[in-house]
Structure formats: structure tokens, C-alpha cells
Amino acid sequence: MPKITITAALPYANGPVHIGHLAGVYIPADICARVQRLRGEEVLFICGSDEHGVPITLRARKEGVTSQDVVDRYHKIIGDSFKELGISFDIYSRTSNATHKELSQAFFKNLYDKGVFKEIRSEQYFDEHAGQFLADRYIVGTCPYCKNEGAYGDQCEKCGSTLSPTELLNPKSALSGSVPVMRETINWYLPLDEIQESFLNEWIGSKSHWKSNVIGQCKSWLNEGLRPRAMTRDLEWGVPVPLEGADGKVLYVWFEAPIGYISATKELRPDDWEQWWTGDSRLVHFIGKDNIVFHCIIFPAMLHLRGDGYVLPNHVPANEFLNLEGQKISTSRNWAVWLNEYLEEMPNRKDELRYVLTSIAPETKDSEFTWKDYQTRVNSELVGILGNFANRVLVLMQKYYEGVMPVVGAVREPFALFDRNLAGVSHPMVRDYISPVVELLNNYQFRDAQFKMMELARLGNKYLAEHEPWKLVKTDAAATAQVLSEAVQVLYNLALLMEPFMPEASERLLLQLGAGASVAERKLFWSANPQGVGQWCELAEGHSLGAAGLLFQKVEDDVIESQIAKLQATAAESAAALGSTVGTNDAAGEVALGIGDVASATVDVLAINAIKPDVS
RNA sequence: GGCGAGGUAGCUCAGCCGGUUAGAGCGCAGCACUCAUAAUGCUGAGGUCGGGAGUUCGAGUCUCCCCCUCGCUACCA
């Protein structure tokens with residue numbers, strides 16, 4: 001049986017995690033990891049903070065602290081909030097630790113010794129004030145085409161032209177505002193062009209089962225023809241290039257960060273980590289659409305060139321972006337719902353967030369989160385359909401049988417929910433509900449899988465409405481026992497089926513059913529036969545149910561209103577702050593960041609412009 | 001600008017190797033029920049499937065053109 005390595009994009013330690021990240025990456029990845037564990041697969045779920053790169057140094061400079069201070073702060077905030085939400089990473093590591101430094105340097109050295117890299121000398125802009133080379137993005141000047149004065153060294157946002165820094169008129173450093181000078185430098189490039197024909201075209205071509213957005217993006221790059229890409233940068237903050245005479249150079253973040261998946265595995269399993277990366281192992285990357293190219297082209301290219309049996313990704317189910325109240329999520333404009341704040345302000349509503357974000361997951365296109373929709377989904381689906389079904393069943397059971405599963409004599413057809421002559425995968429409930437959920441999960445269709453799960457709750461409500469045990473109890477004791485008993489079994493299986501989506505609510509419900517949550521029973525449910533399709537599980541006659549309680553609480557209007565008000569207030573505040581710093585030129589400062597940045601987290605470059613350079 | 005992904009009911013989204021009356025949830029209207037957090041169940045209204053042209057016996061579904069949104073565009077991550 002192959003091992004399964006599931007990775008979730010490393011969040012960039014430049015800000016907290018928001019609902020866009022969760023909906024696109026961490027919740028689907030968590031559901032996937034939980035399902036595999038329940039099925040008894042050998043799975044590792046790997047993540048950690050991505051702590052290098054220019055934007056972190058800029059934030060540190062802006063705040064007058066060290067880069068390490070910045071990443072320490074966000075690593076803690078991000079890690080704690082993931083843990084509290086119940087994202088079940090086997091490890092949440094970070095790229096500033098020693099294991100990672102050592103392993104990524106070794107990886108680079110290995111490729112270097114194989115003669116993989118091209119050594120290329122080039123002239124780059126250098127900021128003498130700030131004492132560092134400038135990434136194209138951090139050179140600001142006038143666009144040669146449209147004369148926009150706020151154009152970046154790589155692109156003019158106004159007219160959309162792709163630029164190179166030397167084309168900019170009046171170039172200035174976004175760090176210090178000073179005029180940069182050209183300096184010669186040397187960097188090591190990954191020869192993507194050389195392996196396009198021999199490897200990448202065919203490899204990508206073999207991935208016809210991948211999502212259209214992922215394939216499309218890859219083909220777009222391949223069609224253009226790949227070019228060598230620099231794997232080192234002239235920067236202080238990062239993993240030093242492990243070569244003589246490479247002082248002041250670090251590994252490119254996109255070289256080193258994906259290796260973070262491997263180093264985190266090594267940190268977790270020092271003795272057998274290699275089996276997860278070079279053995280009989282399947283690799284799945286959960287990411288947002290903005291880093292498809294890095295996970296589908298560059299990292300696979302690195303692994304391929306490394307050879308040594310390294311596995312290539314089996315699947316990269318990248319998602320699109322989540323919008324918030326009709327607008328793109330934006331860190332610089334503070335237009336986001338931050339996980340750490342949600343957890344504080346909406347206590348005991350973790351599964352509600354998981355549920356809502358799964359039901360609107362941007363699996364095929366950008367999708368939309370609104371607080372009103374959140375309220376509706378919680379109130380009408382979790383409270384109204386699921387919680388209510390659980391509550392009606394449990395209350396009726398207490399009322400009529402004091403919570404003890406009644407003896408059901410001969411099953412009478414008119415009151416039966418399903419044909420008891422069918423078993424295993426042919427069992428009607430398995431065939432119509434459990435198998436489809438499993439199949440959708442196997443297919444990475446988490447939204448549909450969760451919806452199908454909810455249909456079982458709808459079925460339960462319908463079954464009660466059809467047979468009306470509260471009426472039946474007055475005329476037909478045997479039929480009442482049968483109907484309520486079957487309703488309990490539906491609820492029990494529903495509780496098991498809920499687990500990957502809403503682990504805490506599942507646990508609560510199992511407790512109310514007096515079923516605890518034995519591992520054996522879960523395994524039976526999730527992997528009872530070779531297809532990996534679950535088995536219908538039943539509570540025995542005489543079994544005592546636990547105490548009934550409400551599974552979910554309604555979300556009141558005032559809670560929603562205050563969240564919306566907060567969002568608008570903080571956005572207005574941040575707009576005012578930006579406006580005062582950079583005048584009218586505010587919208588130009590958006591730079592998307594982060595390996596895990598699935599929804600346009602941004603930093604304001606021009607605001608940094610106003611900060612005194614630290615020349616010491 | 002180039003490339004890629006989208007544009008389907010009031011809202012949020014399915015459907016798209018072309019094939020009978022285009023689906024779901026929410027919202028809305030009516031009915032039923034009263035075990036349940038006024039929850040649930042049933043029925044119904046509601047769409048010229050972004051616009052235009054074409055291929056076809058037949059087009060949300062294929063082709064071409066146009067409009068709009070989002071992403072990528074190689075030194076942001």
C-alpha cells in the first residue's frame with residue numbers, strides 16, 4: 001500500500017491566515033488527510049511557515065524590527081490558529097529552522113554537483129542606500145508606454161505591459177526612494193528550457209485527470225517555451241547559497257520553500273522520511289491558483305533533475321480564489337476575515353466555518369463569501385437540517401424509550417427506510433449516500449461530497465415527516481419502535497460520515513448517541529471493503545443513548561451585523577492610512593505574496609517607500 | 001498586449017466527450033405537520049444558459065468574433 005504525502009501550501013509568514021486561504025487550501029487538504037487516515041492509509045499531512053523572501057524584510061524594515069521578529073510573530077499566530085481550528089497537520093514546521101536550511105542547501109549542492117545549474121552573469125539594479133540588490137518588483141518608475149509614474153520594474157499595472165527594470169524611465173528604489181545603480185552579479189539558473197522537451201511536455205501531458213484550471217495554466221507556460229529561471233537571489237534574508245564566494249546570496253524562495261515540505265517530513269520522521277519522498281508514495285499538493293506554476297513545473301523539474309527516486313506530484317488540486325462581500329480579499333486594504341480573529345470573535349463555531357467554507361469552496365471558479373450567506377448556511381443547513389434532525393430523533397427517543405434502543409420485531413415494509421436484504425456495497429444507504437460521498441472525496445470534490453453528506457440528514461427529516469412517529473406512538477407501538485430505531489441508525493451513520501468535514505460536531509453527536517467514537521467502528525465505516533467504501537453501521541437493541549443537546553446554535557442578526565460593520569470600519573481605516581502615506585496613488589501598491597497566498601494577500605510597497613532606510 | 005480559467009434562475013453554484021420539458025440549495029408563494037433551536041416535509045412560480053454569427057436533424061454544451069471578471073505573463077511570493 002503506497003504511503004500518501006499530503007502538503008498544504010506554506011503560508012507566507014507576513015500576515016495571519018484568512019478565510020480565502022482556508023477555503024482554497026487548508027480545509028480541503030484537512031478533509032482529504034482525515035479521510036485517508038480514517039481509511040487506514042499511511043498518510044502524512046505536511047505544512048509550515050514560509051519565512052524568507054523580500055516582502056518579509058520590507059515589513060521588518062517598515063516596523064523597525066528584524067525579519068526574524070516578523071516571522072516569529074506570524075509563525076505563532078498562524079500555527080496557533082490552524083491548531084485551534086483543528087487542521088490536522090502531522091507537523092507544522094517553518095523554513096527558518098536548521099533542518100530546512102541544511103536540507104535545502106544539500107538539495108542545491110546536489111544539483112550543483114551534478115552540473116545542473118547554468119551560471120549566469122547579469123547586471124542588476126542595486127540600491128546603495130539600502131545596501132542591497134532590488135527585485136524587479138521593487139523598482140518604481142515611469143512606464144515607457146503609458147507614462148504611468150507608478151509602474152513597477154516587472155509590470156505596469158495601469159496599461160498591463162510587461163516590463164523589464166531597464167525599460168523604466170526615472171527608476172527609483174521602492175525601498176529608499178534613491179536612484180539605483182547597475183551592478184554585476186552572478187546567479188544560478190535552473191535550465192527549464194532543457195528539460196521541457198525531454199520531460200515536462202510529456203509529464204504534464206500525462207496528467208489529463210487534473211483540473212482544467214491547473215492544466216490550462218501549465219500548458220500556457222509550456223506553449224510559450226520555458227526559459228532558465230534563477231534559483232538564487234542577492235539578498236540577506238534566506239537560506240545562504242552553499243558555495244564559495246556566494247556571500248550575500250540566498251536560495252530563491254521558490255527553490256527552497258517547496259523543499260520545506262521535505263524538510264518538515266524529515267523533522268517529523270528523522271528515520272524514515274525518505275520513504276515518503278522516494279519510495280512507494282503518492283504526493284498531493286493543495287495550493288491556490290496563484291502558485292500552480294511552482295508546484296506543477298518548477299518543483300517537479302527540481303525533483304526530476306535531482307533524480308534519486310524522488311516522487312513527482314500525483315495530483316495538484318489547485319483551487320481558485322474566494323472573494324469577500326463582492327470584493328477581492330486584500331491584506332493591504334484589510335479586506336479579509338482573519339482566522340485568528342474569527343476564532344476569538346465567534347467562539348465555538350469552528351465546524352460552522354469549516355462547513356460554510358467547504359460549501360462555497362472555489363473548486364472550479366472564484367467564489368463568494370458573505371456574512372449573510374454564512375448566517376443562512378449555518379441557520380438553515382446546520383441548525384435547521386442537520387442539528388434539527390439530530391435533536392428530533394434524540395428527543396423522541398428520550399420521550400418514548402428513555403434513550404434506550406427499542407426492540408424491533410419483524411421489520412414491516414411500509415415503515416422501512418431501506419431494503420434489508422441488500423448488504424455491503426449494495427446496501428441502499430451505502431449505495432445512495434455513503435459510496436457517493438467517498439467517491440466524490442476520492443475525486444477531490446469536497447463541496448459536492450459535503451452536500452451529499454447533508455442529503456442524508458435531509459433524508460432523515462423526510463423519513464420522520466412521512467411516518468410521523470409522534471402520531472404512530474398512539475396507535476402502533478411496534479411501528480414506532482421500527483421508525484425511531486431506523487432514524488437513529490441514519491443519525492449514527494451521519495455522525496460517522498460527518499467526521500472529515502466537521503470533526504468536532506461529529507464527536508459531539510457520537511457522544512449524544514452514546515456511541516463514543518471507537519476507532520474500530522470508524523474504520524469499519526470508512527474502509528470495510530476493498531473499494532474503500534464504508535459499511536452501514538448500526539447501534540444494537542438495548543444500547544443507551546447519551547444526553548441530547550443542541551448540535552449547533554443559530555447565528556443571530558446582530559452578530560452578523562457587527563462583523564460586517566467591523567469589516568467596513570477596518571477597511572476604511574486602512575484606506576485612510578494608505579491615503580495619508582502615499583497620496584492618491586494607493587491602489588498601485590498591491591503585491592501578491594506567499595506560497596500559500598491563495599487570495600491576494602498584499603503589501604503596500606509605496607507605503608514602505610516612506611520609511612527611512614536602515615543603512616546601518 | 002499575450003496565454004489560461006470563468007460568465008447558467010433574485011442570490012450562491014452544478015451541468016458542458018451535443019440529444020427528450022436546463023438542475024440544486026437559499027430566497028419567494030401556497031399547503032401539510034406540531035417530535036424539534038417558528039425548526040421540518042410537500043407543491044409551485046422563476047432562466048431567450050454574457051452578446052453575435054456559424055457547424056449540425058439537433059448547441060449552455062462544438063467553431064469563430066466581440067464584451068465582462070479573475071489568474072499568470074518568468075527577479076512578488
Side-chain angles (χ1 to χ4, degrees), chain A residues 10 12 14 50 52-56 58 122 124-125 133-139 145 152-155 159-162 164-165 187 192 211-221 223-224 226-230 233-235 252-254 257 288-294 298 320-321 323 328 359-360 363-370 372-373 376-377 379-381 383-385 387-397 399-400 447-448 451 454-455 458 460-466 468-471 473 484 550-554 590-597 600-603 605:
Chain A
L10 307 186
Y12 198 57
N14 188 34
D50 174 12
H52 295 135
V54 180
I56 282 169
L58 295 182
S122 63
Q124 302 260 319
Y125 273 122
F133 280 95
L134 295 167
D136 293 359
R137 192 80 203 181
Y138 296 103
I139 300 161
Y145 303 106
Y152 298 115
D154 56 348
Q155 186 176 36
C159 68
S161 315
T162 302
S164 82
N187 280 293
L192 295 172
K211 292 167 63 169
S212 59
N213 57 339
V214 178
I215 299 270
Q217 191 70 233
C218 294
K219 295 240 164 114
S220 169
W221 275 68
N223 287 343
E224 272 187 56
L226 297 176
R227 306 203 286 271
R229 191 174 176 110
R233 291 287 185 278
D234 291 287
L235 265 183
Y252 176 39
V253 175
W254 276 112
K289 67 172 162 182
D290 54 342
N291 33 122
I292 288 172
V293 64
F294 302 105
I298 297 175
E320 302 284 301
F321 285 168
N323 292 323
K328 281 197 275 189
S359 38
I360 59 172
E363 290 178 1
T364 55
K365 57 181 170 190
D366 290 356
S367 62
E368 175 79 17
F369 177 96
T370 65
K372 188 71 201 153
D373 180 66
T376 302
R377 286 184 191 274
N379 290 355
S380 67
E381 297 176 27
V383 176
I385 309 286
N388 187 223
F389 170 57
N391 192 235
R392 324 169 63 179
V393 171
L394 293 167
V395 167
L396 286 167
M397 283 296 297
K399 213 171 236 179
Y400 301 155
R447 194 177 52 192
D448 289 347
F451 186 83
M454 285 297 286
E455 282 194 342
R458 291 179 194 278
N461 280 319
K462 191 184 168 91
Y463 180 65
L464 289 181
E466 271 171 8
E468 303 181 303
W470 49 91
K471 276 187 181 170
V473 73
L484 278 182
L550 296 179
L551 206 51
F552 298 103
Q553 302 286 342
K554 275 194 160 187
E590 306 268 320
V591 182
L593 299 178
I595 186 175
D597 189 68
S600 294
T602 54
V603 71
V605 177

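Since the model is a prediction, treat every value here as computed from it, not as a measurement.
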Short side-chain N/O contact to [N] OP1/OP2 from [X], under 4.0 Å:
| X | N | value |
| --- | --- | --- |
| S212(A) | G6(B) | yes |
| K219(A) | A5(B) | no |
| K289(A) | A5(B) | no |

Task: Distance in Å, N323(A) CG paired with I360(A) CD1, rounded so as to fall on 0.5 Å steps - done: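 That separation rounds to 10.0 Å.
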TODO: With rounding to the nearest 0.5 Å, note down the distance linking CG in N379(A) to NZ in K554(A).
DONE: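 If we round to the nearest 0.5 Å, N379(A):CG and K554(A):NZ are 5.5 Å apart.
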With both distances under 3.5 Å as the test, what is the Watson-Crick or G-U wobble partner of [N]?
| N | answer |
| --- | --- |
| C75(B) | none |
| C16(B) | none |
| G27(B) | none |
| U61(B) | none |
| U56(B) | none |
| A32(B) | U40(B) |
| C49(B) | none |
| C70(B) | G4(B) |

Task: Q124(A): side chain to side chain contact (heavy atoms under 4.5 Å, CB included) partners, not counting sequence neighbours - done: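 S122(A), F133(A), T185(A).
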- [ ] Give the minimum heavy-atom separation between I56(A) and D50(A), together with the two atoms involved.
- [x]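 In this case the closest contact between I56(A) and D50(A) is CD1-O, 4.0 Å.
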Open item on the list: Would you say that Y252(A) contacts N187(A) through its side chain, given a criterion of any heavy-atom pair below 4.5 Å between the two side chains?
Closed with: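 Y252(A) vs N187(A): side chains apart.
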Task: NZ/NE/NH1/NH2 to OD/OE distance under 4.0 Å, D366(A) and K289(A) - done: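 Counted as a salt bridge, because a side-chain N and a carboxylate O are separated by less than 4.0 Å.
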Take atom [atom1] of [X] and atom [atom2] of [N], then tell me their distance rounded to the nearest Å.
| X | N | atom1 | atom2 | answer |
| --- | --- | --- | --- | --- |
| L134(A) | C75(B) | CG | C1' | 10 Å |
| E320(A) | U12(B) | CD | C1' | 16 Å |
| K211(A) | G6(B) | NZ | C1' | 13 Å |
| K365(A) | C13(B) | NZ | C1' | 6 Å |
| R227(A) | C72(B) | CZ | P | 17 Å |
| Y252(A) | A74(B) | OH | P | 11 Å |
| D366(A) | G7(B) | CG | P | 11 Å |

Open item on the list: What I want to check is whether an N or O donor and acceptor connect the side chain of Q124(A) with the base of C75(B) at under 3.5 Å.
Closed with: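 Yes, the side chain and the base share a sub-3.5 Å donor-acceptor pair.
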Task: Short side-chain to backbone donor-acceptor contact, R233(A) and A230(A), under 3.5 Å - done: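 Judged by distance alone, yes, a pair lies under 3.5 Å.
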Task: Under 3.5 Å: donor-acceptor pair, side chain of N391(A), backbone of G387(A) - done: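 The answer is no, because no donor-acceptor pair under 3.5 Å joins these two groups.
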Out of [options], whichever nucleotide has its closest atom nearest the side chain of [X]:
| X | options | answer |
| --- | --- | --- |
| E368(A) | U8(B), A74(B), U12(B) | U12(B) |
| R447(A) | C3(B), C13(B), C26(B) | C13(B) |
| S122(A) | C75(B), A24(B), C13(B) | C75(B) |

How would you label the contact of [X] with the nucleic acid (heavy atoms, under 4.0 Å): base, sugar-phosphate, or nothing?
| X | value |
| --- | --- |
| D154(A) | sugar-phosphate |
| E224(A) | base |
| S367(A) | sugar-phosphate |
| F294(A) | base |

Open item on the list: Does the protein touch nucleotides 34-44 of chain B at the base, only the backbone, or not at all? Give it as B, S and - per nucleotide, heavy atoms under 4.0 Å.
Closed with: SBBB-SSSS--
Open item on the list: My understanding is that only residues two or more places apart in sequence, or in another chain, count here; which of them pass ring-ring contact (aromatic ring centres under 6.0 Å, His included) with Y125(A)?
Closed with: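 ring-ring contact (aromatic ring centres under 6.0 Å, His included) check on Y125(A) returns nothing, list empty.
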Open item on the list: If you assign each of S220(A) and D234(A) to its closest nucleotide in RNA chain B, which residue comes earlier from the 5' end?
Closed with: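 It is S220(A) whose nearest nucleotide is closer to the 5' end.
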